[in-house]
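To start, the structure itself, in structure tokens.
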There are 2 protein chains.
Amino acid sequence: MPGRRKLPSRDELRTWREFLESTEVLRGRLAGRLQHDTGLSTGDYTVLLALSEATDRRMRSSELAAHIGWERSRLSHHLGRMERRGLIGREEHPGDSRGAQVVLATAGADAFAAATAPHLRAIRELFVDALTPAQLTAAAEIAAALRAHLQDDVAG
Amino acid sequence: MPGRRKLPSRDELRTWREFLESTEVLRGRLAGRLQHDTGLSTGDYTVLLALSEATDRRMRSSELAAHIGWERSRLSHHLGRMERRGLIGREEHPGDSRGAQVVLATAGADAFAAATAPHLRAIRELFVDALTPAQLTAAAEIAAALRAHLQDDVAG
DNA sequence: CGCCTATGATTGACACGTCAACCACCGGAG
DNA sequence: CTCCGGTGGTTGACGTGTCAATCATAGGCG
């Protein structure tokens, strides 16, 4: 089936490059703003958000990893850095001494509380405000289509 | 102006999160495929592409940085790694001893030649094929809108 | 010519991510 | 009880990215 092996057209490629580049710039700009305004990285924010919403503000490490979609190793490294800064703590899991509990520290809760409004505002300013309502809808559809397609790609 | 300070709605936020996440997965999948198939990172590919298209297959370092939109420091680090692997070489610029010329090495040209078809095919399979023609057009428009908006954000 | 600033490029420190190896503990089979 | 595979989690090595500092030369000006 020769059709299956066709390479992308010039236009498709240009679309890809511009899509790639603009989303990369967007991501970087948002990260820079968060870092500058609040001293947190987007990774920090993701972890703190998950812990804030967890019952008792603590979560098993692998549970946390699954919840935010990170590899365990990545999370472990990141938690190490966050622990050094006093944002989170680690405690032994009662009943399974392999396990670790990640607990939201006071400094972490404070940092998250201070960060959330500016961060959401930045998302609105840099992403939502950039697009028309129709484009925003299209973005959601594209995201869904990509997710579904990439899912299939892994499975089959 | 209270309107200006409004936070994104739940739907807007969900769109943002899914957009962010799906593009991240896409990027990672493409990078993994390129790495696996050809031993090159996306950064390697970007640099090699630019050098391949340059007259005489060489380019001034800062020129290259501007062309691919990288910071000079980032490029310098990356070139160091690529030079170690024999993909590129560095020569003194004739007429400006501050300058460095980056030259495409034979190994680099070969690696790029071998990588381009698989990479383009991966872009088609993972990105182009995931979207309907209408969605692809929408993606191009979104990219353009984001680029324009982020441009303004820096300027004004 | 000798100074001075701007520019081209590199470096070092550090955050972040992936991969593979590893360690410790759990729980079941013999 | 002992062995053993599976699971939870960490570690080390290394590639990648950013920021700030540094260094050398270019090029103009006195």
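Hydrogens, waters and symmetry mates play no part in the numbers below; they use all other heavy atoms, side chains included. Order of the sequence lines sets the chain letters (A, B, ...), proteins ahead of strands, with each chain counted from 1.
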### N/O donor-acceptor pair, side chain Ser73(A) with base dT11(D), under 3.5 angstrom
yes
### Message
Could you check whether the side chain of Arg72(A) and the base of dG9(D) have a donor-acceptor pair of N or O atoms closer than 3.5 Å, going by distance alone?
### Response
yes
### Query
Does Arg60(B) make a side-chain N or O approach to OP1 or OP2 of dG8(C) shorter than 4.0 Å?
no
### Query
Tell me: CH2 of Trp70(B) to C1' of dC19(D), nearest whole Å?
17 Å
### Task
Quickly work out the Arg90(B) CZ to dG8(C) P distance and round it to whole Å.
16 Å
### Task
Indicate, with a heavy-atom threshold strictly under 4.0 Å, whether Ser41(B) touches base, sugar-phosphate, or nothing.
sugar-phosphate
### Summary
Between CZ of Arg27(A) and C1' of dG17(D) the distance, given in whole Å, is 14 Å
### Message
Should the side chain of His77(B) and the base of dG12(C) be counted as holding a donor-acceptor pair, with the cut-off at 3.5 Å?
### Response
yes
### Query
Between atom CG in Leu79(B) and atom P in dT11(C), what is the gap in whole Å?
11 Å
#### Entry: Nearest atoms (heavy-atom pairs only) where Ser22(A) meets Arg147(B)
CB-N, 4.4 Å
### Message
Let me spell it out: for each of Gly95(A) and Thr42(A), pick the nucleotide of DNA chain C with the closest heavy atom. Which residue's pick is nearer the 5' end?
### Response
Thr42(A)
### Query
Tell me, do Leu136(A) and Glu12(B) make a side-chain contact under 4.5 Å, heavy atoms counted?
yes
### Query
For the pair made of CG in Asp96(A) and P in dG9(D), what is the distance, rounded to whole Å?
8 Å
### Task
Classify the nucleic acid contact of His93(B) as base, sugar-phosphate or nothing, counting any heavy atom under 4.0 Å across all strands shown.
nothing
### Query
Which word best sums up how the rings of Phe19(B) and Phe19(A) line up, parallel for under 30°, tilted for 30 to 60°, or perpendicular for over 60°?
perpendicular
### Residue whose closest nucleotide on DNA chain C lies nearer the 5' end, Ser62(B) versus Glu71(A)
Ser62(B)
### Query
Are side-chain N/O atoms of Asp44(A) and His78(A) paired as donor and acceptor at under 3.5 Å?
yes
### Task
Grab the CD-P distance between Glu92(B) and dC23(D) for me, whole Å please.
19 Å
### Query
So what does Ser76(A) touch, heavy atoms closer than 4.0 Å: a base, only the sugar-phosphate, or nothing?
base
### Query
What integer distance in Å separates Arg74(B):CZ from dC19(D):P?
11 Å
### Query
Any side-chain donor-acceptor pair under 3.5 Å between Arg27(B) and Thr23(A)?
yes
### Message
Using a heavy-atom cut-off of 4.0 Å across all strands, would you classify Arg85(A) as base, sugar-phosphate, or nothing?
### Response
nothing
### Message
By nearest atom, which of the nucleotides dG8(C), dG17(C), dA15(C) is closest to the Arg98(B) side chain?
### Response
dG8(C)
#### Entry: From dT10(D), dG17(D), dA26(D), nucleotide with atom closest to His78(B) side chain
dG17(D)
### Message
What is the distance, to the nearest angstrom, from the CD atom on Glu24(B) to the P atom on dC16(C)?
### Response
14 Å
